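The structure displayed is predicted, hence computed values, not measured ones. Counting from 1, the numbers follow the sequence of the chain as shown.
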Amino acid sequence: RPALLMVWGLPGQRQEDVDASYRAAALATESLLIPAGNAWQIALGRDRSLRMTVGDGFHPSPLGTWLAALTVHCTLNGSLPPAPPLAVERQRTAFDLTEAQSRILHESACAAR
């Protein structure tokens, strides 16, 4: 079964419009929808200091890529494994996170629908 990775809006574009477009495409193609863009929106709604993109405002930063990957895992498996200890997560990734930020990412990945 195909899967569509919903991205995030371009600067100035509303995530609601991106969501509607991807949902229509998933419905028309009977594809699984992976709502990474919505996970970004949820996470940013909880912590505006998270930097999901690089300087152009669209292409994902390592943090944005990590959240998209968590969303793929949650969508395909129904849940995430327990968050690793923060020291392990920092070692595995290219960014520093607080424990609260790590929790936000994990919760946002599975809250996106």
Side-chain angles (χ1 to χ4, degrees):
R1 178 175 175 202
L4 294 178
L5 178 67
M6 177 198 301
V7 297
W8 34 93
L10 291 164
Q13 190 176 25
R14 294 178 340 126
Q15 185 60 35
E16 294 81 11
D17 296 336
V18 174
D19 177 86
S21 177
Y22 273 83
R23 286 188 188 282
L27 183 63
T29 60
E30 298 180 7
S31 297
L32 176 66
L33 181 64
I34 301 171
N38 290 350
W40 277 31
Q41 187 173 36
I42 292 166
L44 288 170
R46 294 184 59 194
D47 184 343
R48 296 299 297 168
S49 74
L50 296 169
R51 293 290 159 241
M52 300 296 188
T53 62
V54 295
D56 67 2
F58 177 70
H59 290 93
S61 67
L63 184 67
T65 300
W66 180 245
L67 180 51
L70 291 173
T71 307
V72 169
H73 188 287
C74 191
T75 302
L76 295 179
N77 297 292
S79 65
L80 289 173
L86 189 57
V88 172
E89 190 162 37
R90 283 182 178 157
Q91 198 171 37
R92 286 193 335 208
T93 59
F95 43 86
D96 266 343
L97 292 174
T98 66
E99 288 197 38
Q101 289 171 325
S102 178
R103 194 170 33 259
I104 287 169
L105 294 180
H106 283 255
E107 291 170 359
S108 298
C110 291
R113 304 253 182 253

*asked:* Using every non-hydrogen atom in the two residues, find where Met52 and Leu67 come nearest and quote the distance to one decimal.
replied: CE-CD2, 3.5 Å
*For the atom pair CD1 (Ile104) and OG1 (Thr98), what is the distance rounded to the nearest 0.5 Å?*
7.0 Å
*Could you grab the distance from atom NE2 of His106 to atom NE2 of His73, nearest 0.5 Å is fine?*
10.5 Å
*Does any pair with a residue in residues 3-80 pass disulfide (SG to SG under 2.5 Å), and if so which ones, sequence neighbours excluded?*
Cys74-Cys110
*Any pair counted as disulfide (SG to SG under 2.5 Å), so long as it reaches residues 2-57, sequence neighbours left out*: none
*Which pairs count as disulfide (SG to SG under 2.5 Å) when at least one residue sits in residues 27-69, sequence neighbours excluded?*
none
*Sequence neighbours left out, what pairs pass salt bridge (charged side-chain N to carboxylate O under 4.0 Å, His left out) with at least one residue falling in residues 58-70?*
none
_Inter-residue atom distance Ser21.OG - Glu16.CD, 0.5 Å rounding_ = 13.5 Å
*For Ala39 and Ala112, work out which heavy atoms get closest and say how close.*
N-CB, 3.5 Å
_Test side chain to side chain contact (heavy atoms under 4.5 Å, CB included) applied to Arg113 - qualifying residues, sequence neighbours left out_ = none
_Pair listing, salt bridge (charged side-chain N to carboxylate O under 4.0 Å, His left out) test, anchored in residues 35-47, at least two apart_ = Arg46-Glu107
*Spell out, as yes or no, whether a donor-acceptor pair under 3.5 Å connects the side chain of Asp56 to the backbone of Phe58.*
yes
*Nearest heavy-atom pair of Gly9 and Val18: which atoms, and what distance?*
CA-CG2, 3.6 Å
_In this structure, would Tyr22 and Ile42 fall into the same cluster of hydrophobic residues linked by side-chain contacts under 4.5 Å?_
no
*asked:* So, using side chain to side chain contact (heavy atoms under 4.5 Å, CB included) as the criterion, who are the partners of Thr53 when residues are at least two apart?
replied: Trp40
_Evaluate Gln41 against Ser108 for side chain to side chain contact (heavy atoms under 4.5 Å, CB included), listing each step before the verdict._
CA-CA 8 Å; Gln41 187 173 36; Ser108 298; over 6 Å; no
_Hydrophobic cluster of Leu32, others only, ordered by chain and residue number, side-chain cut-off 4.5 Å_ = Leu5, Ile34, Val72, Leu76
*asked:* If the condition is side-chain hydrogen bond (donor to acceptor under 3.5 Å, both in side chains), which residues does Thr29 pass it with, not counting sequence neighbours?
replied: Ser31
_Which residues share a side chain to side chain contact (heavy atoms under 4.5 Å, CB included) with Asp19, sequence neighbours left out_ = Met6, Arg23, Asn38
*With sequence neighbours left out, what residues match Asp17 under side chain to side chain contact (heavy atoms under 4.5 Å, CB included)?*
Arg14
*Check: Gln15 and Trp8 side chains under 4.5 Å, non-hydrogen atoms*: yes
*Do you know the tightest heavy-atom contact between Leu105 and Ala43?*
CD2-CB, 4.4 Å
*Remaining members of the apolar cluster that contains Val54, side-chain heavy atoms under 4.5 Å*: none
